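Worksheet for the structure shown next.
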There are 2 protein chains.
Amino acid sequence: MSTTILKGLRVIEFLAHAKEPKGISELAREIEMNKSAVQRVVSTLSNAGYVEQAPGTSKYRLTLSIWELGSHVVDRHQARRLLHPILRFGAQSTGFTVFLSYLSFPFVVYLDKVEGAHGRSHTAEPGSRIPITLTAAGKAVLAFLPDEKLQGLDQDHSDWTGYVNFAATPLEALREEIETIRERRYAVSEGGMKQGVNSIAAPIWWREHQPYGSIVVTADQVNLSPERFSEIGARVVGMAEEATLALGGVPFPPL
Amino acid sequence: MSTTILKGLRVIEFLAHAKEPKGISELAREIEMNKSAVQRVVSTLSNAGYVEQAPGTSKYRLTLSIWELGSHVVDRHQARRLLHPILRFGAQSTGFTVFLSYLSFPFVVYLDKVEGAHGRSHTAEPGSRIPITLTAAGKAVLAFLPDEKLQGLDQDHSDWTGYVNFAATPLEALREEIETIRERRYAVSEGGMKQGVNSIAAPIWWREHQPYGSIVVTADQVNLSPERFSEIGARVVGMAEEATLALGGVPFPPL
DNA sequence: AGTGATTGTATCGTATTGTGATACATAGCG
DNA sequence: CGCTATGTATCACAATACGATACAATCACT
């Protein structure tokens with residue numbers, strides 16, 4: 001197994017998440033690698049066009065090459081293509097912003113998004129991953145996962161500031177909310193994603209009883225007020241059922 | 001310089017552009033690598049979660065991990081953030097789909113896109129790169145490049161079927177069109193991107209006289225008919241000037 | 001301006017790691 | 001059923017990545 005490739009990936013991953021360009025020594029320190037190794041990796045990536053020096057400095061950052069590759073991958077992605085029309089229709093008919101998310105265990109990743117007419121309450125972007133315990137998108141899936149998976153859930157999300165920590169709520173309340181979600185088949189989050197933004201999500205299945213992800217509807221609390229939760233919730237569940245159907249999936253537990 | 005990392009990138013790049021999942025031997029053949037090397041690289045990437053086997057087969061394809069990384073990079077990309085509102089406004093006020101492209105020498109890459117109300121004449125997606133000689137997006141930039149850059153331009157784009165090959169037109173006509181583009185400051189393409197789809201593009205600058213890319217307006221030939229070219233062309237030039245301003249650029253040649 | 005610490009980059013002997021020919025079992029196909 | 005092509009495993013060899021060290025440039029203080 002090629003350790004050098006793993007080092008390359010470590011560097012790329014780190015730079016992808018870094019807010020600012022990083023220097024060699026800085027990198028070496030933060031990802032625990034030998035300075036020489038980092039230097040070699042970075043100069044290789046730089047020659048290949050994946051990394052560049054920020055103009056004026058000697059610090060490095062990723063170019064858009066990685067993004068180019070990634071967009072080709074997602075363009076061809078089956079599930080996304082199949083479900084996009086559903087999002088589009090949902091956004092148009094409700095006026096809200098609609099997301100598609102997929103489960104990537106203890107996270108959900110937003111895979112697609114169609115903005116509604118009700119303004120853009122600047123929320124998540126496709127590609128971002130969030131612990132399943134923190135938003136409606138995740139809770140909708142979490143509620144249907146087998147018990148043993150829930151046990152090992154990391155309770156500590158202190159670095160995800162600005163999110164309501166669902167798992168950190170007392171175990172009693174958690175079980176209770178899971179039960180509620182299972183019954184009405186959608187999850188709700190008030191200000192979970194961002195202050196003043198509400199969202200409702202319902203799970204999607206594929207294969208036999210395999211949780212795939214969720215359909216999420218989001219808007220600020222004025223447009224998506226608690227009074228409308230059950231009305232919109234029903235529509236989200238409907239969209240999620242369509243999505244499950246499109247993927248040829250079978251829901252669990254059966255209705 | 002780490003050759004192993006380069007091999008890893010070769011595999012990733014190839015898989016990113018491959019339409020179907022690829023087997024080990026297949027890969028080894030097509031990217032001219034030793035089978036053992038490919039096997040080692042692929043299993044490393046697979047362990048790291050960047051590659052997976054298509055269910056039921058033993059062929060490999062990329063997961064969405066690369067895409068996740070890439071989306072973080074583009075989310076933070078300065079120019080894109082700055083210019084997005086311009087695209088949004090353009091799309092809303094004209095009803096056409098508006099693109100932002102950047103120059104990556106002999107190509108332009110679509111960096112952003114906002115769809116207009118006039119239906120989606122399913123064209124390019126952000127992330128795709130196209131030779132500058134083939135579309136309005138490219139020609140708008142090409143026309144202002146220094147002469148020596150134009151000399152070495154690859155004339156053979158036979159693999160880009162469905163595109164009108166601008167560079168393949170007789171040199172006379174080419175020089176003439178470049179002159180026209182320089183004068184009115186926008187480039188036009190009828191059916192260049194796709195049969196029945198027209199587009200108009202104007203160049204953007206940054207720094208001192210550095211060509212950055214272009215603003216492109218696209219629609220099917222019914223909505224964007226040749227009679228409207230000069231009217232819409234003026235608006236595209238206006239948008240591009242705003243964009244140049246937003247980037248703090250200086251146009252060349254001066255108006 | 002001067003000093004000291006930190007940084008990016010270059011060097012080099014060593015041994016770890018990737019190499020690639022070979023082998024084998026399995027899957028696919030006529 | 002037999003053939004070919006494929007994915008995976010093995011192994012001795014040598015190329016390659018390693019990492020301590022060195023040096024010059026830059027930066028941050030005083």
Side-chain angles (χ1 to χ4, degrees), chain A residues 1-66 69 73 76 207, chain B residues 1-66 69 73 76 207:
Chain A
M1 270 243 302
S2 175
T3 61
T4 314
I5 288 188
L6 293 178
K7 290 183 185 173
L9 292 174
R10 276 249 289 297
V11 169
I12 291 177
E13 286 166 10
F14 188 83
L15 287 178
H17 292 101
K19 296 217 163 43
E20 297 294 328
K22 296 282 178 181
I24 297 287
S25 305
E26 213 175 343
L27 272 169
R29 206 177 315 118
E30 303 196 48
I31 55 185
E32 291 176 325
M33 271 196 201
N34 191 284
K35 206 168 78 163
S36 302
V38 172
Q39 155 88 345
R40 222 167 322 128
V41 168
V42 167
S43 80
T44 302
L45 291 174
S46 166
N47 272 318
Y50 286 87
V51 155
E52 69 185 359
Q53 293 184 263
T57 61
S58 56
K59 311 207 164 207
Y60 293 91
R61 65 179 176 205
L62 291 182
T63 65
L64 286 174
S65 297
I66 294 275
L69 294 181
V73 178
R76 266 196 297 280
R207 314 277 171 79
Chain B
M1 269 245 301
S2 173
T3 60
T4 315
I5 288 189
L6 293 178
K7 290 183 187 173
L9 291 173
R10 277 250 289 297
V11 168
I12 291 177
E13 286 166 10
F14 187 84
L15 287 178
H17 293 101
K19 296 219 162 42
E20 298 293 329
K22 297 281 178 182
I24 298 285
S25 305
E26 212 175 345
L27 271 168
R29 207 178 312 116
E30 303 194 49
I31 55 184
E32 292 176 326
M33 270 197 201
N34 190 283
K35 206 168 78 162
S36 302
V38 173
Q39 156 87 346
R40 219 165 327 124
V41 168
V42 167
S43 78
T44 302
L45 291 174
S46 167
N47 272 318
Y50 286 87
V51 155
E52 69 185 359
Q53 294 185 267
T57 61
S58 56
K59 311 210 166 204
Y60 292 91
R61 66 180 175 204
L62 291 182
T63 65
L64 286 175
S65 297
I66 294 277
L69 294 181
V73 178
R76 266 196 296 279
R207 314 273 170 81

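Chain naming here is simple, since letters A, B, ... match the order of the sequence lines and numbering starts at 1 in each. What's counted below: heavy atoms across the whole structure, side chains too, no hydrogens, waters or symmetry copies. Every value quoted in this text rests on a predicted model; they were computed, and no experiment measured them.
Between A:S58 and the phosphate of D:dT26, there is no side-chain N or O to OP1/OP2 separation shorter than 4.0 Å. Side-chain nitrogen and oxygen atoms of B:T3 include none within less than 4.0 Å of the OP1 or OP2 phosphate oxygen of D:dT16. Considering only side-chain N and O atoms, B:Y60 lies under 4.0 angstrom from the phosphate OP1 or OP2 of D:dT8. Of the side-chain N and O atoms in A:T4, none sit less than 4.0 angstrom from OP1 or OP2 of D:dA17.
Nearest heavy atom pair, residue A:Y60 against residue A:L15, reads O-CD2, 3.8 Å. Taking all atoms of both residues into account, the shortest heavy-atom contact from B:G8 to B:V41 is CA-CG1, 3.8 Å.
Closest to the side chain of B:Q39, from the set D:dT8, C:dA10, C:dT22, is D:dT8. Here the side chain of B:A37 is nearest to one of C:dT19, C:dA21, C:dT7, namely C:dT19. Counting only heavy atoms from C-beta on, B:R40 has its side chain closest to C:dG18 among C:dT7, C:dG18, C:dA21.
At its two ends the helix from C:dA1-D:dT30 to C:dA27-D:dT4 runs along axes set 60° apart, each axis drawn from five pairs and the angle rounded to 10°.
Proximity of a side-chain donor or acceptor of A:T4 to a complementary backbone N or O of B:T4 within less than 3.5 Å is not detected. Looking at B:T44, its side chain does come within 3.5 Å of a backbone N or O of B:R40 through a donor-acceptor pair. A donor-acceptor contact shorter than 3.5 Å links the side chain of A:R76 to the backbone of B:A18.
Backbone-only contact: B:K7 has heavy atoms under 4.0 Å from sugar-phosphate atoms and none from a base. Nucleic acid contact for B:M1: sugar-phosphate only, since backbone atoms but no base atoms lie under 4.0 Å from a heavy atom of the residue. Residue-level contact check: B:S36 touches the bases, meaning some heavy atom is under 4.0 Å from a base atom.
Rounded to an integer number of Å, the gap from B:K59 NZ to C:dG28 C1' is 11 Å. Rounded to whole Å, atom P of D:dA14 lies 17 Å from atom CG of B:N34. Atom CG in B:L6 sits roughly 19 Å away from atom P in D:dA15 (whole-Å rounding).
Both A:Q53 and A:S2 sit near DNA chain C, but only A:Q53 has its closest nucleotide nearer the 5' end. For the pair A:K35 and A:V41, nearest-nucleotide mapping onto DNA chain D gives the more 5' position to A:V41.
Residues of residues 12-28 of chain A having a heavy atom closer than 4.0 Å to DNA chain C, listed by number: A:G23, A:I24, A:S25.
Under the side chain to side chain donor-acceptor pair (under 3.5 Å) criterion, B:S65 pairs with B:T63, sequence neighbours left out.
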**OP:** Determine, stepwise, if the pair A:E52 / A:R61 fulfils side-chain contact (heavy atoms from CB on, under 4.5 Å).
**Re:** CA-CA 6 Å; A:E52 69 185 359; A:R61 65 179 176 205; 2.9 Å; yes
**OP:** Determine, stepwise, if the pair A:L69 / B:H17 fulfils side-chain contact (heavy atoms from CB on, under 4.5 Å).
**Re:** CA-CA 8 Å; A:L69 294 181; B:H17 293 101; 3.8 Å; yes
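Interatomic distance, B:I5 CD1 to A:K7 NZ, rounded to the nearest 0.5 Å: 9.0 Å.
Within 6.0 Å of CD on B:E20 lie no more than 12 heavy atoms contributed by other residues, nucleotides or ligands.
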